[in-house]
Amino acid sequence: MCGIVGYIGPKQAQEILLEGLSKLEYRGYDSAGLAVYNGETIGVQKSKGRLSELEARLKSRSLPGNLGIGHTRWATHGKPSDENSHPHVDQEQRFAVVHNGIIENYLELKEELQAKGRVFTSETDTEVIAHLLADLWDGDLVSTVQKVVARLEGAYALGIISEHEPDKMVAVRLASPLIVGVGEGENFIASDIPAILKHTRDIYVVEDGEMAVITREGVQLMKTDGTPVQRDTLHVDWDVVTAEKGGYDHFMLKEIYEQPKAIRDTMAGRIKDGQVDLSREIGMSEDQINNIERIHIVACGTAYHAGLVGKYVIEDLVRIPVETDIASEYRYRNPIITPNTLVVVISQSGETADTLAALREAKKAGARVLAITNVVGSSVAREADDVIITWAGPEIAVASTKAYTSQLIAIYLLGAYFARIRGTRAESELADIVTALQQLPEKADQVLGNTTAIQQFAQEIARHEDLFFLGRGLDYAVALEGSLKLKEITYIHSEAYAAGELKHGTLALIEEGVPVISLATQEAIYDKMVSNIIEVKARGAHVLGLALEGDQELHKSVDQVFTIPKTLPLLTPVLAVIPLQLIAYYACVARGYDVDKPRNLAKSVTVE
Ligand code: AGP
C-alpha cells in the first residue's frame, strides 16, 4: 500500500505533489520521489526514508514544471532504497511511472525486456512498466498505455507522464484505489482523498479496469480498451483527518475493515494453477525442506498468537513437531537447535527487539531462519535467510488486526507449500485448502457486514472490569488474541483459557454475571466445548457463544450467539478473530479511551 499523486496545471507541481504526499504517508513512508516535466525533459528526485529526506534533496536540486507525479512507498518488492523508490523511468527517461499495488508477472516481463537489452536499475516490480512503455511506444501515449496494461497481471493504480506528450497525464486502476481531483484549469490524481482536499472537493472515483486521461482543461474516463465512461463527480465534505482514516473514526476500525484486502493481497502471486508456490521467497531446496526435523515459531504479542495457530496448522499439514515460543523467553532459554531446525520468526514491524534477538540466537546456533513480516527491509527481513512478506500495508493503530490475519494467511501458505513438497497431504486436499483460502476475503466481508449484535454485546461488557475468553484447540489460540485485543485498548482485566483447563482452578473465578466469550467453531471438539460452556453457565456466567453459520445447538447453552461463515476448521481463526477485534474496538469506544494509541504501549517495541 503506497500513495501516488499527480498534478497538471499552471502552478509549480513540486510543492503541490509534496503537500499531497504528506497527506498520504499513512499509506507508506519508507521512501518517496517526484518526477516533473520542466518543459523539455522529465526531472526525477527520489530518496529512501521519510518525505523530509526528499524535501531536503529538493532544496539542493528542485524540479521546476507544471506536470508531475509523486509517490510515497510501502515496499513490497525490493527493500527501501533510493534505487527502489518511485517514480521509475525507462532508460531514455522519456516515461515516468508511479505505482501502488503488486505486478504479479513482473519477473517474466523483466526477463523478456532484459533479453531485448533493457537495463534495470531497481529490484521493484514497477520498473517493468517504464521499460514496457518505451518498448511498446507507438507514437500515442494513451494507446501505448493500453498496450502495456494488457500485459500486466496483478493490482495497480498507475500515474504516468511522458516527455512525448507533456500536455497530459494518464492514470490507470485495477484493484488499487485511484481518484481524479477536478480543479479550475488544473487537475489532480491521487490514491486517496486527503492528498487533494486542499485544492478541490470534486473528484472522480476511477473504477477497476478504467483509465483517465487528464489535461489542464479536462478529464476523460474510459475503460482500458478505450470504451468511453460517463460519470458524475463526487463532492467530498470530509476533513483531512477523517479522510486519512478513509471515513472511519479510527485507524483500528479502518484496518479491521481492510482485512479482506490484506488477506487477498497476501495470497497475490503465491498461488499458481491452484497450488501454493513460495519458491521465490523460500530459498530452501526440496531436500532441505524434506530434511527439516523440527520447527520453532518465535514472536511477541499478537504475532506470537499467530504463531500458536501456526503450530496447529503446520503439525496438522506437514507432520513436523512445532514449538511455539515467546521471543523474550526463547532468547534466554538455550533452546535445542539442530542443523535441521527451522526457526520461523513472526513480526509485523520487523523491529521488535526480543524477536530480533531470538532470530540472532537461532542463527548463531546454526538454524535456518524464515521470517514472516509486514515490513520489507526491516531488521528481521534483512537478517533472516528467507522472508515471507505479509502484504497488509502499513498498520497504524497500536492494536494489531490486519497484520494478524495476514500472518495467518502466510502460515497457511507455508503449511500448504511444505505439505506439497514433503507429500504429507494429497494434491486434492491441498487443492481444497487453496480453494477455501481464496474464499476467505469474501467470507471476511460477510462477517464485517453484520456487526450490530457484536456492537451491542461490546457496549454491555464495557461496564465490566473482568472477563474471560474460552476455547479449545485453534479456538483457544484465537481466544488468546481476542483477550489481548480487549486488554490492550479497554484496560478490562481479561483472561483466555483452554476450556478443558477451567475445572483445574479458574472455574473458581466464575460468578454471577461475569461475562464469558466462548468460541465453539471447531467441529471435532464441539461437544467438549459445549460441556465446558455449560460448566460456566451453571456458575452464573453471562456467555456470548461464537459458532459457525447453521449451528442449531449452541443457543441452548449461552445467552447470545454470534455466527461466522463456515470454512475449513484450520482456516476458521481468520474469521473467528474478527468479531473479537470488533468487541474490543466498540468496548473501547464505549469506555471513551484512545483506540489507536492506548496507554503504556508502542506500535513497535524496539527495546528489551
Ligand atoms: C498487538 O496488538 C500489539 N501491538 C503487540 O502485542 C505486538 O503484536 C507485539 O509488540 C509484536 O509486534 P511485532 O509483530 O511488530 O513484532
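As the structure lists them, so they are numbered: ligands from 1, and atoms in each ligand from 1. Computed from heavy atoms alone, side chains included, the values below leave out hydrogens, waters and symmetry copies. Everything numeric here is computed off the predicted structure, so don't read it as measured data.
Some N or O of Ser347 is nearer than 3.5 Å to an N or O of ligand 1, by distance alone. Here's the thing with Val398: one of its N/O atoms is less than 3.5 angstrom from an N/O atom of ligand 1. Residue-to-ligand polar distances place Glu488 within reach of ligand 1: an N/O pair is separated by less than 3.5 Å. Polar contact with ligand 1: present for Gln348 (N/O pair, distance under 3.5 Å).
Using a 4.0 angstrom heavy-atom cutoff, Ser604 does not count as in contact with ligand 1.
Those atoms of ligand 1 with a heavy atom of Ala303 less than 4.0 angstrom away are 8 (O), 14 (O). Using a 4.0 Å cut-off to heavy atoms of Ser349, the atoms of ligand 1 that qualify are 13 (P), 15 (O), 16 (O). Atoms of ligand 1 lying under 4.0 Å from any heavy atom of Ala399, numbered from 1 in the order shown and given with element: 2 (O). Atoms of ligand 1 found under 4.0 Å from any heavy atom of Ser400 (numbered from 1 in listed order, with element): 1 (C), 2 (O).
Relative ring orientation between Trp74 and Tyr29 is described as perpendicular, the plane-to-plane angle rising above 60° on a 0-90° scale split at 30° and 60°.
Scanning all protein heavy atoms for the shortest distance to atom 8 (O) of ligand 1 gives Thr302 N, 3.0 Å. Of the protein's non-hydrogen atoms, Thr352 OG1, 3.5 Å is the one closest to atom 12 (O) of ligand 1. Ranking the protein heavy atoms by distance from atom 10 (O) of ligand 1 puts Val605 CG2, 3.9 Å first.
For Gln459, the side chain to side chain donor-acceptor pair (under 3.5 Å) criterion is met by no residue, not counting sequence neighbours. Residues that satisfy the ring-ring contact (aromatic ring centres under 6.0 Å, His included) test with Tyr585, not counting sequence neighbours, are His250.
Nearest to atom 6 (O) of ligand 1 by heavy atom, out of Ala327, Ala584, Cys300, Gly301, is Gly301.
A salt bridge between Lys48 and Glu53 is absent, with no side-chain N of the basic residue lying under 4.0 Å from a carboxylate O of the acidic one.
Listed here is the closest heavy atom pair of Gly283 and Asp386: N-OD1, 2.8 Å.
Only the side chain of Lys485 comes within 4.0 Å of ligand 1, judged by heavy-atom distances.
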Inset, instruction - Before giving the answer on salt bridge (charged side-chain N to carboxylate O under 4.0 Å, His left out), spell out for Lys485 and Glu255 the whole-Å C-alpha distance, their side-chain angles and the decisive distance to 0.1 Å. - result: CA-CA 14 Å; Lys485 287 283 101 53; Glu255 288 157 8; over 6 Å; no
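Considering Leu580, Val309, Thr302 in turn, Thr302 is the only one that fulfils the side-chain contact (heavy atoms from CB on, under 4.5 Å) rule with Glu481.
Here CD1 of Ile372 is found 11.0 Å from CD1 of Ile409. Values are rounded to the nearest 0.5 Å.
Cation-pi contact between Arg591 and Tyr491: absent, since separation from the ring centre below 6.0 Å together with deviation from the ring axis within 45° is not met.
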